[in-house]
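In what follows, a single structure is set out as structure tokens and then discussed.
These values consider heavy atoms only, across backbone and side chains, with no hydrogens, waters or symmetry-generated copies. Every number for a ligand or one of its atoms is a count from 1 in the order of the listing. Just so you know, residue 1 is the first one in the sequence shown, and it goes up from there.
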Amino acid sequence: MQSQEKTFVIVGAGLAGARAAETLREEGFGGRLLLIGDEPERPYERPPLSKEYLRGEADGKPFVHDPGFYDERGIELWSSTRVTAIEPGQRELLLEGDRRQGYDKLLLATGAVPRRLDVPGANLDGIHYLRTLPDSEAIGERIGAGERLVVVGSGWIGAEIAASARQKGAEVTMLEMSSLPLERVLGPEVGRIYRDIHRDHGVEFIPETTVERFEGAESVERVITRDGAVIDTEFVVVGIGVAPRTGLLETTGLRVDDGIVVNEGLATSIPGVYAAGDIASARHPHYGRHLRIEHWANANAQGPAAARAMLGQDVSYAEIPYFFSDQYDVGMEYGGHATDWDEVVFRGDVDAREFIAFWVKDERLVAGMNVNVWDVNEEIRELIRSGSEVDADRLRDPEVPLSALRNGAAGAEDDDEQLAIGAWASEGGSC
Ligand SMILES: Cc1cc2nc3c(=O)[nH]c(=O)nc-3n(C[C@H](O)[C@H](O)[C@H](O)COP(=O)(O)OP(=O)(O)OC[C@H]3O[C@@H](n4cnc5c(N)ncnc54)[C@H](O)[C@@H]3O)c2cc1C
């Protein structure tokens, strides 16, 4: 069959889906191209939803493309359309309203949804989660009105919401199950820095606790912690992690293990079906295992990579994980991936919050984070990718360019562990 007679369908009109559609056309795919999403809006970026958009400071909605983009390229964008089942044997999708749609190749880019807190009172009004534009608008309105807020969870989402709310002058209490914000990703050395940043900005940070129950007549009025503390509040935002949206796949026979399991070329176990973005647990050649990465840069690059794989190109997705976060006047970028390490080495001025933190394991750099220091993260990722042996004193020394630390290459150990990275909310531990 000629390419122009084929139908490629992308399920999930988020960042990964939108970028995949864009790439398919750029790479010359001339067939029918459907981008199906259940949200009413065209694809948009989520990072501003906890930052400038939440604070009402954005210049409009953070759409991925201009309004005419999809029509101009013959991309059929079906918004407000939920896919309810996939029948890979027939190469067909079932859509809400019992409609069917065939495909020749299929990309699954259904993203993730916030994990829910299951405690008494969890269904009261005024308990919010943040994933979509309307979520951000609803929370932003309350922050703008100066309402008092409890943030449950101090992972990236919780920490950014707390920062935005304080920037707007709201009173904020942040509850965390572990002892420090962002501790699971960053460890205690850097978690302490983030705790101090939030406390310096007036957040009441309460560690090592969980929510026992919410109380209120109709809307939440109090949070009761497991230690019996009673915190009066006007609303709550829960940021305790996200779960991959795999519900659609239960009867498909696709391999699902904390996300859709795909190979280095982003292909699933069923021919013609691919996955990208937050939903994909992809085998990573550098790490020699499967990673599911819940970050903007991953969706932005994996969508195009999956598109190229759908066109039959030889794809091996090997980007070193990267993400960013902005809280108050503290901007950071993180490259790599560290689950355990021997030492965290700092370069720069930690007290002035202008520094680079390096996570070192077996004398090799596994992750690096630049805080209010710019144009270095690519070098950091190059150094990680090179597998060079690094000397802690040279890492510490700002006079030594990062490029001078690269000296060799190392292969990855091979195992088949599944790993989720990033967890735009889950990394901070749940309450
Ligand atoms: C508030 C917020 C702030 C963030 N900030 C940062 C940041 O600062 N830095 C960073 O690196 N990352 C950040 N992230 C993470 C980043 O936005 C995500 O990793 C990225 O959006 C993932 O894109 P995706 O396309 O894989 O999934 P999504 O953006 O979740 O898109 C998936 C789409 O598929 C749709 N869908 C799902 N199932 C179906 C179905 N059955 N039928 C039809 N449609 C369906 C969904 O409704 C959704 O529109 C943030 C995330 C959030 C929520």
Side-chain angles (χ1 to χ4, degrees), residues 9-21 34-54 62 64 77-86 93-96 101 106-114 128-137 139-140 155-161 163-164 185 237 239 241-250 259-260 266 275-282 292-304 306 321-327 331-335 377 420-427:
V9 177
I10 300 168
V11 181
L15 181 63
R19 290 288 182 220
L34 303 183
L35 175 57
I36 305 178
D38 59 358
E39 294 190 67
E41 305 273 12
R42 67 182 191 271
Y44 57 87
E45 315 256 2
R46 297 186 197 274
L49 306 188
S50 49
K51 308 178 185 71
E52 63 273 18
Y53 192 77
L54 182 68
V64 179
L77 174 60
W78 293 4
S79 304
S80 301
T81 305
R82 196 160 65 83
V83 175
T84 53
I86 304 171
L93 303 175
L94 208 61
L95 310 178
E96 245 170 352
Q101 174 60 52
L106 175 65
L107 173 62
L108 299 168
T110 49
V113 279
H128 295 253
Y129 293 81
L130 176 53
R131 183 77 189 174
T132 64
L133 272 171
D135 294 341
S136 176
E137 286 159 8
I139 297 166
W156 298 107
I157 290 276
E160 287 195 350
I161 292 167
S164 284
V185 212
V237 185
V242 295
R245 269 184 84 167
T246 52
L248 186 59
L249 312 168
E250 267 149 25
I260 304 171
L266 308 176
D278 280 11
I279 187 76
S281 178
R292 191 173 65 74
I293 301 176
E294 297 169 352
H295 295 318
W296 177 92
N298 180 67
N300 198 49
Q302 242 180 24
Y322 163 88
F323 66 91
F324 54 89
S325 174
D326 297 317
Q327 296 167 43
M332 62 74 93
E333 296 173 290
Y334 179 104
N377 203 272
I421 298 189
W424 256 84
S426 63
E427 295 288 6

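In this comparison of I10, V83, N300, the heavy atom closest to atom 40 (C) of ligand 1 sits on V83.
The structure places NZ of K51 at 8.5 Å from CD of Q327, a figure rounded to the nearest 0.5 Å. Atom CG in L34 sits 5.0 Å away from atom CD in Q101 (nearest 0.5 Å).
Residue-to-ligand polar distances place A16 within reach of ligand 1: an N/O pair is separated by less than 3.5 Å. Between S325 and ligand 1, not a single N/O pair is under 3.5 Å apart. Looking at G37 next to ligand 1, no N or O pair under 3.5 Å apart turns up. The N/O atoms of Y322, backbone and side chain alike, include none that comes under 3.5 Å of an N/O atom in ligand 1. Residue R82 has no N or O atom closer than 3.5 Å to an N or O atom of ligand 1. On a distance-only criterion, S50 and ligand 1 share no N/O pair closer than 3.5 Å. The shortest N/O to N/O separation between F324 and ligand 1 falls below 3.5 Å. For a threshold of 3.5 Å applied to N or O pairs, the pair formed by G277 and ligand 1 contains no separation below that value.
Residue A109 approaches ligand 1 through these ligand atoms, each under 4.0 Å from one of its heavy atoms: 32 (C), 33 (C), 34 (O). Close contacts between ligand 1 and G12 involve ligand atoms 33 (C), 34 (O), 35 (C) [criterion: under 4.0 Å to a heavy atom]. Of all atoms in ligand 1, listed by their number and element, those nearer than 4.0 Å to a heavy atom of L15 are 25 (O). For ligand 1, the atoms sitting less than 4.0 Å from at least one non-hydrogen atom of G14 are 25 (O), 31 (O), 33 (C), numbered in the order shown with element in parentheses. For ligand 1 and L130, the ligand atoms under 4.0 Å from any heavy atom of the residue are 1 (C), 53 (C). Residue K51 has at least one heavy-atom neighbour below 4.0 Å for each of these atoms of ligand 1: 5 (N), 6 (C), 7 (C), 8 (O). The atoms of ligand 1 that sit less than 4.0 Å from any heavy atom of L248 are 41 (N). Of all atoms in ligand 1, listed by their number and element, those nearer than 4.0 Å to a heavy atom of F323 are 11 (O).
A search for side-chain hydrogen bond (donor to acceptor under 3.5 Å, both in side chains) contacts involving E39 returns Y44, R46, not counting sequence neighbours.
The side-chain heavy atoms of L130 and I161, taken from C-beta on, include a pair separated by under 4.5 Å. For the pair N298/P321, no side-chain contact is recorded, criterion being any heavy-atom separation below 4.5 Å from C-beta on. In this structure the side chain of F324 never reaches within 4.5 angstrom of the side chain of N377, judged on heavy atoms. In this structure, the side chains of E96 and T81 stay at 4.5 Å or more apart for every pair of heavy atoms.
The proximity of A112 to ligand 1, defined as any non-hydrogen pair under 4.0 Å, is limited to the backbone. At a heavy-atom distance under 4.0 Å, no atom of D326 approaches ligand 1. Within the 4.0 Å heavy-atom criterion, neither part of S136 lies near ligand 1. The backbone and the side chain of P47 each have at least one atom closer than 4.0 Å to an atom of ligand 1 (non-hydrogen atoms only). When heavy-atom distances to ligand 1 are checked against a 4.0 Å cut-off, E45 has no atom that comes that close, whether in backbone or side chain. Heavy atoms of E294 found under 4.0 angstrom from ligand 1 belong exclusively to the backbone. Here T110 has heavy atoms under 4.0 Å from ligand 1 in both its backbone and its side chain.
Not a single donor-acceptor pair under 3.5 Å links the side chain of S164 to the backbone N or O of L54. Proximity of a side-chain donor or acceptor of R292 to a complementary backbone N or O of D278 within less than 3.5 Å is detected. Using a distance-only test at 3.5 Å, with no hydrogens or angles considered, no donor-acceptor pair links the side chain of N300 to the main chain of W296. Distance alone, capped at 3.5 Å, places no donor-acceptor pair between the T246 side chain and the L249 backbone.
Using a 4.0 angstrom heavy-atom cutoff, Q302 does not count as in contact with ligand 1.
Tested against R245, the residues D38, I260, L108 include a single side chain to side chain contact (heavy atoms under 4.5 Å, CB included) partner, D38.
Of all heavy-atom pairs between G331 and D326, the closest is CA-OD1, 3.5 Å.
Between W156 and F323, the angle of the ring planes goes over 60°, which puts this pair in the perpendicular group of the 30/60° scheme.
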Audit row: S79, E41, side chain to side chain donor-acceptor pair (under 3.5 Å) steps and yes/no: CA-CA 7 Å; S79 304; E41 305 273 12; over 6 Å; no
